[in-house]
Amino acid sequence: MKLIIKTLVFLSLLQASYLAACTESTIPKTVVQAQIDAYNAHDVDLFVSCFSEDIEVIQLDGSRPTIKGRKMLKKEYSFLKRKPKEFKVEVISTSVVGPVVILHERLHGRANGQFPLDLLAAYEVRKGKITKLWFPPIH
């Protein structure tokens, strides 16, 4: 009986450690894909763990204020918890140059049956975490 309990405790700790961090990889494309996977799973904590403490998310057209830091990022992306499972990002194409990963993304499951939205996102990855995220204008 003690062995079963120890095994269950070990498995729960293993699961908790998985949820506490995005990825152990320092490969930029892998880190960005893990972030996409967490976003699509609507797991805000796991999503935020993919970013550095001093993350900056910048809308290059100035349409939204810059998100600075994990705390603000978590607050801004908490909406994911309320979205239906159909709300997700599909990666159309990927380009990697050093620490920068550029994705052509398609956002599905938007409100009121709106068509999917295509956008570009540029991620800078340092030491296994996304440090900067830029969204160029789409119009």
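Note that these values count all heavy atoms, side chains included, but never hydrogens, waters or copies made by symmetry. Index from 1, following the sequence.
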Kindly say whether [Y] contributes a backbone atom to a donor-acceptor pair with the side chain of [X] at under 3.5 angstrom?
X: His104; Y: Val91; answer: no
X: Lys68; Y: Val57; answer: no
X: Thr23; Y: Ala34; answer: no
X: Asp61; Y: Ser63; answer: yes
X: Arg70; Y: Ile55; answer: no
X: Asn40; Y: Lys88; answer: no
X: Ser49; Y: Cys22; answer: yes

Would Trp134 and Glu124 satisfy side chain to side chain contact (heavy atoms under 4.5 Å, CB included), going step by step from the backbone distance to the final call?
CA-CA 9 Å; Trp134 299 273; Glu124 182 179 347; 3.4 Å; yes
For Lys81 and Val44: C-alpha separation, side-chain torsions, deciding distance, then whether side chain to side chain contact (heavy atoms under 4.5 Å, CB included) applies.
CA-CA 7 Å; Lys81 296 176 186 177; Val44 177; 3.7 Å; yes
Mind checking whether [X] and [Y] sit in one hydrophobic cluster, side chains of I, L, V, M, F, W, Y counted as touching below 4.5 Å?
X: Ile130; Y: Val100; value: no
X: Val89; Y: Ile138; value: yes
X: Phe135; Y: Phe79; value: yes
X: Val48; Y: Leu80; value: yes
X: Leu73; Y: Leu107; value: yes

Run the numbers on Glu105 and Asp118 for side chain to side chain contact (heavy atoms under 4.5 Å, CB included), then give the verdict.
CA-CA 6 Å; Glu105 302 174 349; Asp118 281 17; over 6 Å; no
For [X] and [Y], which heavy atoms make the closest approach, and how far apart are they?
X: Ile102; Y: Ala122; value: CG1-CB, 4.2 Å
X: Cys50; Y: Val31; value: O-CG1, 4.1 Å
X: Arg64; Y: Glu76; value: NH2-OE1, 4.0 Å
X: Ser78; Y: Lys75; value: OG-O, 2.9 Å
X: Thr66; Y: Met72; value: O-CE, 3.6 Å
X: Gly98; Y: Val96; value: O-CG1, 3.7 Å

Is it true that Lys74 and Asp45 have a side-chain N and a carboxylate O under 4.0 angstrom from each other?
yes
Any side-chain heavy-atom pair of Ile36 and Tyr123 under 4.5 Å:
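They are in contact (side-chain heavy atoms under 4.5 Å apart), so the answer is yes.
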Is the Tyr77 ring parallel, tilted or perpendicular to the Tyr39 ring (thresholds 30°, 60°)?
perpendicular
Taking Val125 as the fixed residue, which of Leu133, Thr30, Ile27, Val32 is the one that meets the side-chain contact (heavy atoms from CB on, under 4.5 Å) rule?
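With Val125 as partner, Leu133, Thr30, Ile27, Val32 yield a single side-chain contact (heavy atoms from CB on, under 4.5 Å), made by Val32.
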Intermediate values then yes/no, side chain to side chain contact (heavy atoms under 4.5 Å, CB included), Gln35 and Phe47
CA-CA 5 Å; Gln35 173 263 163; Phe47 171 77; 3.1 Å; yes
Would you give the length of the straight line joining atom NZ of Lys85 to atom NE2 of His42, rounded to the nearest 0.5 angstrom?
10.5 Å
To the nearest 0.5 Å, what is the distance between OG1 on Thr26 and NZ on Lys127?
11.5 Å
Does atom CZ (Arg110) have a neighbourhood of more than 12 heavy atoms from anything else shown, all under 6.0 Å?
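Yes, CZ of Arg110 has more than 12 neighbouring heavy atoms, counting only those of other groups under 6.0 Å.
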Please indicate whether Leu117 has more than 12 foreign heavy atoms, meaning atoms of other residues, nucleotides or ligands, lying under 6.0 Å from its CG.
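Yes, because the 6.0 Å sphere around CG of Leu117 holds more than 12 heavy atoms from other groups.
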Take Glu90 and His108 through the side-chain hydrogen bond (donor to acceptor under 3.5 Å, both in side chains) test and state the conclusion after the steps.
CA-CA 7 Å; Glu90 173 189 8; His108 295 276; 2.7 Å; yes
